[in-house]
Amino acid sequence: MYTFTDRGDRSITLRPEGTACAVRAYLEDKLHAGPQPVKLYYTGPMFRYDRPQAGRFRQFHQFGIEVFGSNDPAVDAEVIAMSMDFYGRLGLKNLELHINSVGCVKCRLVLRRELQSFFRKRYDDLCFNCKNRFEKNPMRILDCKETQCIDSGVNAPTPIDCLCESCSAHFEKVKKHMDLINIPYIINHRLVRGLDYYTNTAFEMMAPDIGAQSSIGGGGRYNGLVETCGGPPTPGVGFALGMERVILALDRQRVAFPGTVGPDVFVVTVGQVGSDEAFKLLFKLRAAGFSANKDFLNRSLKAQMKYAGKAGVRFVVIIGEEELARGVAMVRDMVTAKQESVILDQIAVYLTKRKSEV
RNA sequence: GUGGGUGUAGCUCAGCUGGUCAGAGCACCAGAUUGUGGCUCUGGGGGCCGUGGGUUCAAGUCCCAUCAUCCACCCCA
């Protein structure tokens, strides 16, 4: 975590994720006293201290959702579905959705026993870290990327094997609800969340070809977290995605980004004559709800047109000597290249009409 | 925290084994078109070659340090 000492000699840690923040909001604002369930979202910068690499930044941005107050497996499916829908709308393809269930505290006690008895015989084959995990948190051995640990864990008991009756039923219902809305998933027995407050459903979305950090989002159920944070026992389930990784995936999949949108109108002047009128018109147009711009570099008519073309504006309003004398301006449609003269006072009205045609 | 790669124009990069090595494309600006964008052509501006030391007659080019950046390892509550 990104921890440092500030000038007041206080130890400061920058938040690494948003769920705990959402829980605090839920408790501090006493949302648990209101109607349940409570659905929240957040977005903002998060921080880590790891060395940066592809898809991993010291400062990054997450979007996340949390649902407090319901243990209904349909909500797990709803949260997963919402996140998959988000990726789908962006245009991402070939994502893998991995799901698993780590059960409740009771299930994990069973799992812990089973795993320890399984790995006790293979203890010497485990990597250094997993030898420590054996006592501290054997579930994490399943998650280890070392080949020796993967090999020795081939027939290891899985979290799902150790689910109690109600947790097993919960997982079945999550899967059923996923099937009801046709969301394909892969059951990944190695997908675990190590902390005690995680319960039942765990899931993760992976994007191919974005480097070593392939996860673009994930989440799960945390029925113990609110209580751990000092609140009443409250079920919760949530999801978070890393926006930089989503952008990376969009980039790799060559999904077209929404282009930058230019102003609606660009006001072109010829020489100094039309300049004052153009400035006034600029603000009239803005007041009428258009985004509008003009030249501020004393550029030639041609250069202004060129600039307007590059900026992708739809309409150019040309005010020159001839137009001024007649109290009109030339309005040019940059797409059709057609232009007509419009009375100066009527330009906003005219453009409003033209804009609604498109 | 560990290992490796890369720092040259706004961007992407080329610059062999030190000696016309300050370059290309794109972008930008201007002109061709004296009041009309996109296409084309012509011209132009712009670089302490990341920074600081060192080696050498001579350093983008070699060495050291430093900073930045990228990739991977580690880690991922």
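Every heavy atom of this structure was used, including side-chain atoms; hydrogens, water molecules and symmetry mates were not. In what follows, every chain begins at residue 1, and chains take the letters A, B, ... in the order their sequences are listed. Only a predicted model underlies this, so the values are computations on that prediction, with no experimental measurement involved.
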query: With a non-hydrogen cut-off below 4.0 angstrom, is A:Ala308 in contact with a base, only sugar-phosphate, or nothing?
result: nothing
query: Within less than 4.0 Å of OP1 or OP2 of B:A72, is there a side-chain N or O belonging to A:Gln53?
result: yes
task: Could you state the atom-to-atom distance from CZ of A:Phe128 to P of B:C74 in whole Å?
output: 14 Å
message: Does the Lys NZ or Arg CZ of A:Arg48 fall within the cation-pi geometry relative to A:Phe60 - under 6.0 Å from the ring centre and within 45° of the axis?
response: yes
task: Quick one: look up who B:U17 pairs with, Watson-Crick or G-U, both distances under 3.5 Å, and put none if it's unpaired.
output: none
Donor + acceptor pair across side chains of A:Asn100, A:Arg190 (<3.5 Å): no
query: Within 45° of the axis and under 6.0 Å from the centre of the six-membered ring of A:Phe283, does NZ or CZ of A:Arg286 qualify?
result: yes
- line: From CD of A:Gln62 across to C1' of B:C76 the rounded distance in Å is 11 Å
- prompt: Can you find a side chain N or O atom of A:Arg140 that sits less than 4.0 Å from OP1 or OP2 on B:C75?
  reply: no
- request: Determine whether A:Gln59 and A:Met46 make a side-chain contact, defined as any pair of heavy atoms from C-beta on separated by less than 4.5 Å.
  value: no
- request: Determine the interatomic distance between C1' on B:G53 and the same-named atom on B:U17; round to the nearest Å.
  value: 25 Å
- prompt: For atom C1', what is the distance between B:C39 and B:G19, given to the nearest Å?
  reply: 45 Å
message: Applying side chain to side chain contact (heavy atoms under 4.5 Å, CB included) to A:Met305 and A:Arg332, what does each step give before you reach the verdict?
response: CA-CA 10 Å; A:Met305 291 299 294; A:Arg332 182 183 179 86; 3.6 Å; yes
- prompt: Is any N or O donor-acceptor pair between the side chain of A:Arg51 and the base of B:C70 shorter than 3.5 Å?
  reply: no
- request: Take the protein atom NE2 of A:His98 and the nucleotide atom P of B:C76, then report the distance between them rounded to whole Å.
  value: 19 Å
field: C1' atoms of B:C71 and B:C28, separation to the nearest Å
entry: 33 Å
message: Over all strands shown, is A:Arg133 touching base, sugar-phosphate only, or nothing at heavy-atom distances under 4.0 angstrom?
response: sugar-phosphate
Base paired to B:A59 (Watson-Crick or G-U; both N/O distances under 3.5 angstrom): none
CE-CZ distance between A:Met243 and A:Phe63, expressed to the nearest 0.5 angstrom: 8.5 Å
- prompt: Between B:C75, B:G37, B:U2, which nucleotide gets closest to the side-chain atoms of A:Asp50?
  reply: B:C75
field: Sugar-phosphate, base or nothing in reach of A:Tyr197, heavy atoms under 4.0 Å
entry: sugar-phosphate
field: Counter-base of B:G31, judged by Watson-Crick or G-U geometry with both distances under 3.5 Å
entry: B:C41
- prompt: Hey, is B:G50 sitting syn or anti, using the within-90° cutoff around 0?
  reply: anti
task: Provide, to the nearest angstrom, the distance between the CD atom belonging to A:Gln213 and the P atom belonging to B:C70.
output: 14 Å
task: Using a heavy-atom cut-off of under 4.0 Å over every strand shown, decide if A:Ala20 touches base, sugar-phosphate, or nothing.
output: nothing
message: Using the C1' atom as the point on both nucleotides, what is the distance between B:U40 and B:G45, in whole Å?
response: 22 Å
Rounded P spacing from B:G15 to B:A9 in Å: 15 Å
Tabulate atom names and distances for all N/O pairs under 3.5 angstrom spanning the protein and nucleotides 32-36 of chain B.
from  : atom 1 : to       : atom 2 : distance (Å)
B:G35 : O6     : A:Glu322 : N      : 2.8
B:G35 : O6     : A:Glu322 : OE2    : 3.3
B:G35 : N1     : A:Glu323 : OE1    : 2.7
B:G35 : N1     : A:Glu323 : OE2    : 3.1
B:G35 : N2     : A:Glu323 : OE1    : 3.4
B:G35 : N2     : A:Glu323 : OE2    : 2.6
B:U36 : O2     : A:Arg332 : NH1    : 3.4
B:U36 : O2     : A:Gln339 : OE1    : 3.3
B:U36 : N3     : A:Gln339 : OE1    : 3.3
B:U36 : N3     : A:Gln339 : NE2    : 3.1
B:U36 : O4     : A:Gln339 : NE2    : 3.1

- prompt: In the strands shown, is B:G3 matched to any nucleotide by a Watson-Crick or G-U wobble pair with both distances under 3.5 Å, and which?
  reply: B:C71
task: Figure out the CZ/P separation between A:Arg58 and B:C70, and round it to whole Å.
output: 11 Å
Stacked cation flag A:Arg122 on A:Phe118, 6.0 angstrom / 45 deg: yes
query: Looking at A:Arg299, does any N or O in its side chain come under 4.0 Å of the phosphate oxygens OP1/OP2 on B:C29?
result: yes
field: Exercise: do A:Glu66 and A:Thr19 side chains pair donor with acceptor under 3.5 Å
entry: yes
- request: Could you check which nucleotide pairs with B:U51 in any of the strands shown, counting Watson-Crick or G-U wobble with both distances under 3.5 Å?
  value: B:A65
task: May I ask you to check if A:Arg354 and A:Phe315 form a cation-pi contact, with NZ or CZ under 6.0 angstrom from the six-membered ring centre and within 45° of the axis?
output: no
- prompt: Using the P atom in both, what is the distance from B:C62 to B:G10, to the nearest Å?
  reply: 23 Å
- prompt: In whole Å, what separates the P atom of B:G50 from that of B:C11?
  reply: 13 Å
message: What is the distance, to the nearest angstrom, from the NZ atom on A:Lys338 to the P atom on B:G38?
response: 20 Å
Gap in Å between the two P atoms, one belonging to B:U61 and one to B:A14, rounded: 16 Å
Below 3.5 Å is the cut-off: list the nitrogen or oxygen pairs between protein and nucleotides 10-13 of chain B, distance only.
none

query: Are any non-hydrogen side-chain atoms of A:Asn129 and A:Arg140 less than 4.5 angstrom apart?
result: no
task: Answer whether the closest heavy-atom distance between the side chains of A:Ile99 and A:Asp76 falls below 4.5 Å.
output: no
- request: Please say which of A:Asn223, A:Thr199, A:Val226, A:Val67 ends up in a side chain to side chain contact (heavy atoms under 4.5 Å, CB included) with A:Pro235.
  value: A:Asn223
